[in-house]
*Asks:* 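Here you go, one structure.
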Amino acid sequence: MADPMRIRAQVAGDKATVRVLMSHEMETGQRKDSAGKTIPAWFIKDVTATHNGKQVLAVQWGPSIAKNPFLQFNVKGAKAGDKIAVTWVDNKGEKRTDEATVA
Amino acid sequence: MMQTRRQALERSAALAGLLGGIGLLPQAAQAAWNAAAFEAKSLADVAKALGGSAPAASGAVTVTGPDIAENGAVVPVGCASTLAGVKQLMILVEKNPNVLAAVFDVNDAVEASFNTRVKMGQSSNVYAVALTADNKVHFAQKEIKVTLGGCGG
């Protein structure tokens with residue numbers, strides 16, 4: 001099981017700024033190990049976010065996103081106390097969901 | 001930045017090639033992860049697949065990032081758009097093995113402004129591309145110089 005995400009959601013006017021830091025290797029499939037074999041690609045493909053259970057964001061990523069990915073987005077109409085949940089799925093089918101409360 | 005008409009047209013054609021080759025033109029908004037789009041490898045591969053509406057440089061799309069990135073493994077890049085009816089925002093790195101880095105689906109509940117971090121193998125142009133509901137393509141570009149590549153091992 002992957003490490004938890006760090007999610008911070010802060011109200012800024014009539015919207016909330018959400019910053020997510022995921023813990024993931026994001027291997028591109030381009031690199032080789034010391035024996036010269038290609039390290040297989042392993043990266044997050046899909047990220048979705050929900051605001052109080054309603055999906056607000058869908059992102060598709062390729063292998064060129066940096067290791068331990070960062071994502072920032074703004075959810076309109078979010079208020080303090082609302083729940084923001086973020087889910088990622090990688091190309092091995094692993095997934096993780098974490099939730100944060102808007103502050 | 002001053003641009004001649006010729007330069008602007010060349011940029012537009014180059015981007016059309018990139019986008020055409022990765023299967024995002026003329027239709028887009030695939031629900032599933034677009035494997036073909038993310039596997040597009042080179043300008044040569046994609047140039048033959050020209051099609052769809054010509055991408056137009058637009059002041060309503062912005063790409064943010066450093067002028068010089070010391071470490072290509074972690075380059076903070078943002079894209080934003082003030083256009084009405086944006087369906088998708090994309091980040092492309094021209095000289096990466098896979099040019100497409102990220103696709104953000106835009107809807108009413110979320111602002112058309114995203115930040116993330118990408119890897120860059122070498123100095124390259126980075127594009128922010130906005131696809132609107134009427135299948136028009138707008139883009140902005142920025143050159144980011146990398147002093148240490150992020151895709152080597």
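Keep in mind that the numbers below use all heavy atoms, side chains included, and drop hydrogens, waters and symmetry copies. Chain letters run A, B, ... following the sequence lines, proteins first and then strands; every chain starts at 1. On a predicted model such as this, the values are computed, not experimentally measured, just so you know.
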*Asks:* Heavy-atom distance under 4.5 Å to chain B: side chain of A/D33, backbone, both or neither?
*Replies:*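 The answer is neither part of A/D33.
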*Asks:* Can you find a heavy atom in the side chain of A/E25 that is under 4.5 Å from one in the side chain of A/K67?
*Replies:* yes
*Asks:* Between chain B and each of A/V47, A/I65, A/V56, count heavy-atom pairs under 4.5 Å; write down the option with the most.
*Replies:* A/I65
*Asks:* Could you list the residues that satisfy side-chain hydrogen bond (donor to acceptor under 3.5 Å, both in side chains) with A/T38, not counting sequence neighbours?
*Replies:* none
*Asks:* By a 4.5 Å heavy-atom criterion (distance strictly below it), what part of B/V110 contacts chain A: side chain, backbone, both, or neither?
*Replies:* both
*Asks:* Between B/F104 and B/L83, is there a shared hydrophobic cluster once you connect ILVMFWY residues whose side-chain heavy atoms come closer than 4.5 Å?
*Replies:* yes
*Asks:* Highest number of heavy-atom pairs under 4.5 Å with chain A: which of B/N115, B/V118, B/L89, B/V77?
*Replies:* B/N115
*Asks:* For A/W42, what are the other residues in its hydrophobic cluster, where any two members join if their side-chain heavy atoms are less than 4.5 angstrom apart?
*Replies:* none
